[in-house]
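Scroll down for the structure; my scribbles are underneath it.
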Amino acid sequence: MSTPSTFLDFEKPLAEMQKKIAELEAAAAEGGASIEDEVQKLREKSDKQLRDIYSSLGPWQKAQVSRHPERPHFFDYVENIFTEWVELAGDRKFMNDEALVGGLARFNGKPVMVVGHVKGRTTEERIKHNFGMARPEGYRKTYRLYEMAERFNLPVIALIDTAGAYPGRGGEERGQAEAIAKSIEKGLTLNTPLISIITGEGGSGGAVALASGNRVFMLEHSIYTVISPEGAASILFRDAARAKDAAEAMKITAADLEKMKIVDAVVEEPIGGAHRAPADVFTRIADLLDRSLEELKDMSPEELRKQRKERFYAIGREGLN
Amino acid sequence: MSWLTNLPPGLKNVFGKKDTPDNLWIKCPKSGDLVYKDDLEASLFVTPAGAHLRVGPDLRFKSMFDGSEYSELELPEVVKDPLKFKDDQKYVDRLKKSRAKTGREDCMAAAEGKIGGQNAVVLVQDFAFMGGSLGMAAGEAFITAAERALETKSALIICTASGGARMQEGALSLMQMPRTTVAITELRDAGLPYIVVLTDPTTGGVAASYAMIGDIHIGEPEAMVAFAGARVIEQTIREKLPEGFQRSEFLRERGMVDMVVDRRELPQKLGQILSMLMGGEPQPEIEPVAVEADTASEISEEAEVTEETAAEETEAPEAEVVEEEKPKRKSRSKAAPKSDS
């Protein structure tokens, strides 16, 4: 398990213990007395604390984990789950949106289309990818790639991780709402299987745009929200600082959404979150994709559409209260 | 006497009280003038200066369907308050208040009848009910209306008005975006028209789903239609947005709206469109309604004359070849001062 360089506010005790362990190790390296026992004890204590914290994360804490800067991002998944990535750029109308990328890849040797939000990690990357907040062109590129997937009979895998679509002037002028709506529609009518996975933040319309799949999955500490907890707090309580209350009230966690049948399954994360042991997450997602594609592979275009219709119509009609 | 313009005869007194404010005089947000409520009712809540005030389902149904004849669809019940949501007040209490205020269960109402002689199901979203927010009830209403349209081979028309998704239902409200879209794709498959009338305001998740994928988009004058609200954008980009940004006229300029239509012309315009899309007979030509503020007094005088001459047969426009037997449904004899749009 790797130790992250960024600790979240509720992980402070862990950060302190990690610091102490590092200090002891440094002292030992300089030839001090044997402190192995002490380090071992501290490690155990730290692991226990991590388990304790992560076994009872609240919705707001999960929101923070879902946004953790070291959480696996789109290109990490592409690199570790797929082979032969060939990025395809541009909506053929206006520009290439770096916040929502897509391309061809192979999964278990078979070609697929992969689309998803890219948040970027370094400051430079984040600016390049606009913090994962797509403009209309991102959704129009998705539309284009969905169409291509249909022509070449490729399943589509959509990885969702966005705070939301970008609320900018240009995006509004060029039809942000229409671009999202069309992307939802195309996903629902796609002739080939569509699997949507919320890997981090599933922020509102910008996320739904990619989440009209035959299967919709969520990572354990990811969130799916109608509006960001901060946004809801500023409207409902006129105080963005009450994001925690809003996060609790809105039921944004994977576990809650699975109960409501909004998501089909939750991908378990390693203790401490996906960023502490990304390889585990890659394996689990690959397994889930493998299973899902197998289940969907013999369905006709009509059956795939019908399955989506039934899936989405059932939400709210079954399994509440 | 009212400054009533070109409503079909017999229409102007049929409007009930329910949707409308109780004040006797209403201030026009555009000109600041006080307008007598009865006059406003008669003009479908369009002020002499052309401001299109927000209206509810009853008035829309009455004005949109042929002969004001329609029957409302029964809408399914949904699970109430699935999240047990509470902010500074309980969601169930907010619902109660909105129900008392509007006399309806939720923000979406649906009715069926004919428009331009064609079968039509009309959905109206009421901004007065929790800001027209899209939740499970509205989503189910949409699906019910679309299914009814499929069953009766009707066009589906929706007058949207919404601040977006209903936060109090969390992701369940978000799910209404794909759910309503599924219903639309079925209309497409069946070759039935789906027409969106964008009314003030239509924003957020509603704009980003069923409001923006109509076969035809009709904007009401100056309606705010946006994905993100102006305030959010201004905070993001730290600059002021220009006048008229995200209004119907702006969206038409940008290619997102087919036409901007005065509410008083809407029924005829819809009739014309549906008739052409659904294999109907030619429809009466539409006389434009004048809406310019500085000509308001002129309109008012002219309307008086028009009232008396409404029954007279009018001259057909020159270019038109008149072959139909149907009487022309015109209530104005003289060309109104044309707006330059």
Side-chain angles (χ1 to χ4, degrees), chain A residues 136 164-185 187-189 202 204-209 211-212 223-227 231-233 235-238 242 245-246 249-252 256-257 260 262-263 305 308-309 311-313 315-317 320-321, chain B residues 76 78-80 82-88 136 139-140 143 164-179 181-186 188 202-213 225-230 232-233 235-237 239 241 245-246 250-251 254-256:
Chain A
Y166 186 64
R169 181 174 170 172
E172 288 291 321
E173 287 175 336
R174 300 191 301 276
Q176 183 73 280
E178 189 262 2
I180 292 171
K182 284 293 227 192
S183 174
I184 297 173
E185 182 181 356
L188 288 167
T189 56
S204 191
V208 184
S212 46
I223 58 169
Y224 198 8
T225 58
V226 58
I227 178 173
I235 296 171
L236 295 172
F237 307 113
R238 294 175 212 296
R242 288 184 65 189
D245 298 330
M250 288 194 295
K251 304 267 192 291
I252 61 174
D256 282 327
L257 295 172
M260 292 189 261
I262 291 172
V263 300
R305 272 188 72 170
R308 284 183 211 115
K309 174 187 167 178
R311 180 190 186 283
F312 282 97
Y313 273 9
I315 295 171
R317 290 181 182 170
L320 295 182
N321 294 3
Chain B
V78 296
V79 176
K80 299 285 178 256
L83 308 186
K84 307 274 170 283
F85 195 97
K86 185 173 175 292
D87 44 81
D88 53 1
M136 292 162 67
E140 287 296 347
I143 293 169
R166 187 172 290 173
M167 281 179 287
Q168 291 85 350
E169 293 182 11
L172 286 164
S173 73
L174 205 56
M175 289 301 105
Q176 306 314 315
M177 295 170 68
R179 293 180 91 243
T181 305
V182 169
I184 295 163
T185 63
E186 306 225 298
R188 297 217 206 289
T202 297
T203 62
V206 169
S209 59
Y210 57 82
M212 273 294 144
I213 46 173
V225 181
F227 175 65
V232 176
I233 298 170
Q235 278 164 7
T236 311
I237 62 173
E239 61 175 278
L241 292 167
F245 191 72
Q246 302 177 316
F250 173 87
L251 267 82
R254 297 287 162 165
M256 283 296 146

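Numbered from 1 within each chain, the chains take letters A, B, ... in sequence-line order. Scope of the values below: all heavy atoms of this structure, side chains included, with no hydrogens, waters or symmetry mates.
Of all heavy-atom pairs between Ile184(A) and Pro178(B), the closest is CG2-CA, 3.8 Å. A pairwise comparison of heavy atoms in Lys86(B) and Ala249(A) identifies O-CB, 4.3 Å as the closest pair. The shortest non-hydrogen separation linking Leu320(A) to Pro82(B) is CD1-CB, 4.0 Å. The heavy-atom pair separating Gly168(A) from Ile237(B) by the smallest distance is CA-CG2, 4.3 Å. Closest approach of Val232(B) and Pro167(A) over heavy atoms only: CG1-CB, 3.9 Å.
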Might you work through the side chain to side chain contact (heavy atoms under 4.5 Å, CB included) test for Arg308(A) and Val182(B), ending with a clear yes or no? CA-CA 8 Å; Arg308(A) 284 183 211 115; Val182(B) 169; 5.9 Å; no
CA sep, side-chain torsions, deciding dist, call: Arg179(B), Arg317(A), side chain to side chain contact (heavy atoms under 4.5 Å, CB included): CA-CA 12 Å; Arg179(B) 293 180 91 243; Arg317(A) 290 181 182 170; 3.4 Å; yes
Carefully, step by step, assess Arg188(B) and Glu185(A) under the rule side chain to side chain contact (heavy atoms under 4.5 Å, CB included). CA-CA 11 Å; Arg188(B) 297 217 206 289; Glu185(A) 182 181 356; 2.7 Å; yes
Given Tyr166(A) and Ile233(B), is the side chain to side chain contact (heavy atoms under 4.5 Å, CB included) satisfied, shown in steps? CA-CA 9 Å; Tyr166(A) 186 64; Ile233(B) 298 170; over 6 Å; no
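When heavy atoms are compared at a cutoff of 4.5 Å, Ile235(A) approaches chain B solely by way of its side chain, counted from C-beta outward. Neither the backbone nor the side chain of Arg242(A) comes within contact range of chain B, judged by heavy atoms closer than 4.5 Å. In this structure, chain A has heavy atoms under 4.5 Å from both the backbone and the side chain of Met167(B). Both the backbone and the side chain of Ser204(A) come within contact range of chain B, judged by heavy atoms closer than 4.5 Å. Neither the backbone nor the side chain of Gln176(B) comes within less than 4.5 Å of any heavy atom of chain A. In this structure, chain B has a heavy atom under 4.5 Å from the side chain of Leu257(A), while its backbone stays farther away. When heavy atoms are compared at a cutoff of 4.5 Å, Tyr313(A) approaches chain B by way of both its backbone and its side chain. Gln168(B) touches chain A through its side chain: at least one heavy atom from C-beta onward sits under 4.5 Å away, while N, CA, C and O do not. Heavy atoms of Phe250(B) lying under 4.5 Å from chain A belong exclusively to its side chain. Using a 4.5 Å cut-off between heavy atoms, Leu188(A) touches chain B through its side chain atoms alone. For Glu239(B), the part sitting under 4.5 Å from any heavy atom of chain A is the side chain, from C-beta outward, and nothing else. Contacts of Ala230(B) with chain A are absent, with no heavy-atom separation under 4.5 Å from either backbone or side chain. Both the backbone and the side chain of Leu172(B) have a heavy atom closer than 4.5 Å to some heavy atom of chain A. Looking at Thr185(B), both its backbone and its side chain come within 4.5 Å of chain A, counting heavy atoms on both sides.
In terms of heavy-atom pairs under 4.5 Å with chain B, the best-connected choice from Gln176(A), Lys309(A), Arg311(A) is Lys309(A). Per-residue counts of heavy-atom pairs under 4.5 Å with chain A were compared for Ala211(B), Pro76(B), Gly229(B), Ala208(B); the largest is that of Ala208(B). For the options Asp88(B), Ile143(B), Val225(B), heavy-atom pairs under 4.5 Å to chain A are most numerous at Ile143(B). With chain A as the partner, the residue from Ala228(B), Ser209(B), Ala165(B) showing the most heavy-atom pairs under 4.5 Å is Ala228(B). Heavy-atom pairs under 4.5 Å with chain B were tallied for Phe312(A), Tyr224(A), Phe237(A); the largest tally goes to Phe312(A). When each of Gly171(A), Ala181(A), Gly187(A) is checked for heavy-atom pairs under 4.5 Å with chain B, Ala181(A) comes out on top. Each of Lys182(A), Met260(A), Arg174(A), Arg305(A) has some count of heavy-atom pairs under 4.5 Å with chain B, and the biggest count is that of Arg305(A).
Taking a cutoff of 4.0 Å between a charged side-chain nitrogen and a carboxylate oxygen, Glu172(A) and Arg254(B) do not qualify as a salt bridge.
Using a 4.5 Å heavy-atom threshold, the side chains of Met250(A) and Phe85(B) count as touching. The shortest side-chain heavy-atom distance between Glu178(A) and Ile213(B) does not fall under the 4.5 Å cut-off.
Taken to the nearest 0.5 Å, the CG atom of Asp87(B) stands 10.5 Å off from the CG atom of Asp245(A).
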